[in-house]
Amino acid sequence: MTTYRSDFLNQALARGYVHQCTDFAALDARMMRGVLPAYIGFDCTAPSLHVGSLVSIMLLRLLQKTGHKPIVLMGGGTTKVGDPSGKDESRKLLTDADIAENMKGIKGVFSRYMDFGNGATDAVMPNNADWLDGLAYIAFLRDFGRHFTVNRMLTFDSVKMRLEREQPLTFLEFNYMILQAYDFLELARRYACHLQMGGSDQWGNIVNGVELGRRVDNLELFGLTTPLITTASGAKMGKTAQGAVWLNADKMSPYDFWQFWRNTEDADVGRFLKLFTELPLDEIARLEALGGAEINEAKKILANEATKLAHGDEAAHASATTAYKTFTEGGAGDDLPVATVSQAEIDAGVALYEVIRRAGLAASNGGARRLIKGGGAKLNDRTIDDEHYPLTIKDLPGGQGKISAGKKRHALIRVA
């Protein structure tokens with residue numbers, strides 16, 4: 001592996017964060033000249049980011065820890081358009097109120113990963129609606145649209161994939177790459193930001209921004225992308241059978257977040273320790289070399305370290321303690337997810353499948369029923385095979401019971 005002078009590039013490459021760069025040598029030289037502001041954009045399409053965004057967040061954290069300035073760009077403007085990159089179909093258009101509410105939920109994630117403020121290396125969080133919302137359309141097309149040819153735009157993967165699959169690509173979405181390129185130019189002007197980073201699916205959009213900065217302001221800008229993260233079995237990172245692995249505690253409990261990492265495939269442990277924790281590389285090499293049952297200890301360390309970053313030391317410790325009580329002692333830890341049922345529901349014989357869905361152990365009632373029929377559901381460690389099983393007060397001694405989906409996922413039922 002090539003060695004560079006800048007700490008950022010060396011560490012980013014060693015930990016597996018880098019897929020492509022527009023010019024490694026020139027970026028390395030620029031980083032050695034002083035603080036380099038760099039940005040990653042996050043559209044506000046949901047009230048929380050999920051684990052699929054975590055590589056980008058960790059990269060911004062590394063940027064700050066190595067003496068540079070992270071810019072977390074909120075896509076209040078571009079969310080109104082919708083990024084076609086990696087999508088088979090158009091995103092649902094959100095209202096301004098939806099976008100504002102989503103942005104509010106997303107913002108809290110970043111304060112746990114980096115320091116914000118007015119210092120040279122403090123992170124900042126601008127909103128591209130501040131400049132995109134006020135654009136005059138004709139003037140924008142005249143000044144910036146002339147730098148983009150339709151011929152070239154049609155060659156980018158985000159466009160080619162949609163056309164090859166005969167999925168509609170709206171003119172609105174077709175404009176997205178121009179707006180993202182303009183974001184880069186605007187951030188270069190406002191913050192002296194000369195590096196844009198993002199996922200590998202953003203490469204075309206990033207290159208557009210680099211070229212626009214050169215053509216319009218004669219700027220030397222850089223682009224760097226992260227690899228697409230999949231599991232050893234080929235699954236997309238951040239997705240489970242139960243849905244997305246959210247970073248906000250109100251969307252996914254710290255315990256479930258901890259369990260997601262604890263259930264990492266053996267072949268992924270070393271790679272995920274490099275990407276999602278800050279453990280030294282020599283310690284990761286030691287953990288990665290563990291075999292047999294010992295690899296489970298490495299998974300617990302991964303779960304602890306990743307949860308500390310996302311939710312804090314206390315939440316990580318509580319999650320680990322709950323897991324120990326649940327799996328080692330056979331009890332029901334206090335930090336397990338909780339599904340509440342009312343006394344009226346108990347009296348009416350609420351179906352167990354409904355409570356399983358409510359607890360987040362299945363994505364739907366149908367999924368919960370299939371879990372029961374397949375013998376994967378337990379109530380107080382007793383297998384239930386009747387998909388219409390009615391919950392009664394006898395199942396909740398002391399007002400509480402435990403439900404399980406398979407051997408690794410558990411939740412509490414409590415009478416409200």
Side-chain angles (χ1 to χ4, degrees), residues 39-57 60 70-114 116 123-137 140 158-159 161-162 167-184 186-187 190 196 198-199 201-202 205 236-240 242-254 256-257 310-311 357-358 360 363-364:
Y39 94 94
I40 298 178
F42 298 87
D43 280 347
C44 308
T45 55
S48 170
L49 298 175
H50 57 67
V51 165
S53 298
L54 197 49
V55 166
S56 292
I57 297 172
L60 285 172
I71 299 174
V72 181
L73 181 64
M74 290 287 99
T78 42
T79 305
K80 299 172 185 177
V81 176
D83 184 2
S85 301
K87 303 293 183 294
D88 286 340
E89 56 187 29
S90 299
R91 279 192 174 124
K92 174 188 174 184
L93 291 180
L94 302 176
T95 66
D96 287 353
D98 291 334
I99 293 170
E101 188 63 25
N102 289 345
M103 189 183 303
K104 182 179 176 182
I106 289 170
K107 282 183 173 181
V109 170
F110 293 96
S111 61
R112 297 194 290 270
Y113 286 90
M114 58 200 81
F116 286 80
V124 294
M125 187 181 287
N127 179 355
N128 63 14
D130 292 345
W131 53 83
L132 295 181
D133 282 2
L135 289 175
Y137 185 61
F140 178 74
S158 58
V159 175
M161 183 181 74
R162 194 77 70 81
Q167 295 286 348
L169 177 72
T170 68
F171 182 69
L172 180 68
E173 294 172 287
F174 194 60
N175 279 271
Y176 189 95
M177 64 180 73
I178 302 178
L179 296 178
Q180 184 169 329
Y182 181 70
D183 279 346
F184 199 177
E186 193 70 32
L187 290 170
R190 294 181 180 223
Q196 181 183 174
D201 62 336
Q202 295 296 312
N205 292 345
K236 189 174 180 179
M237 184 67 180
K239 298 288 186 180
T240 69
Q242 289 71 44
V245 181
W246 300 105
L247 300 181
N248 284 16
D250 60 347
K251 292 279 289 180
M252 176 177 242
S253 73
D256 280 341
F257 187 81
H311 298 293
R357 180 200 58 77
R358 196 179 299 177
S364 64

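Between L179 atom CG and L135 atom CG the span is 7.5 Å, to the nearest 0.5 Å. Between the CG atom of D183 and the CZ atom of R190 there is a distance of 10.0 Å, given to the nearest 0.5 Å. Atom NZ of K107 is separated from atom CG of N102 by 12.5 Å, given to the nearest 0.5 angstrom. Expressed to the nearest 0.5 Å, how far NE2 of H311 lies from CG of L247 amounts to 7.0 Å.
In this structure, the side chains of T79 and T45 come closer than 4.5 Å at one or more pairs of heavy atoms. A 4.5 Å side-chain heavy-atom check between E101 and P47 finds every atom pair outside the cut-off. Side-chain contact between K251 and H50 is absent, with no heavy-atom pair separated by less than 4.5 Å. Using a 4.5 Å heavy-atom cutoff, the side chains of V72 and V124 are not in contact. Looking at L73 and F42, their side chains never come closer than 4.5 Å, going by heavy atoms from C-beta outward. Looking at L60 and Y39, their side chains never come closer than 4.5 Å, going by heavy atoms from C-beta outward.
F116 and F110 have their aromatic ring centers separated by at least 6.0 angstrom.
Minimum heavy-atom separation, K80 to I99: CG-CD1, 3.5 Å. In terms of heavy-atom proximity, G75 sits nearest to C44 at N-SG, 4.2 Å. Contact detail for N127 and M103: the closest heavy-atom pair is ND2-CE, 3.4 Å. A244 and M252 get closest at one heavy-atom pair: O-CE, 4.3 Å.
One N or O on the side chain of N248 and one on the backbone of G105 form a donor-acceptor pair closer than 3.5 Å. With hydrogens and angles ignored, the 3.5 Å screen pairs a side-chain donor or acceptor of N128 with a backbone N or O of G77. Using a distance-only test at 3.5 Å, with no hydrogens or angles considered, a donor-acceptor pair links the side chain of R112 to the main chain of A310. With hydrogens and angles disregarded, no donor-acceptor distance shorter than 3.5 Å links the side chain of S48 to the backbone of W246. S53 places no side-chain N or O within donor-acceptor distance of the main-chain N or O of L49, the cut-off being under 3.5 Å.
Using modelled atom types, one finds a donor on one side chain and an acceptor on the other under 3.5 Å when comparing N205 with Q202.
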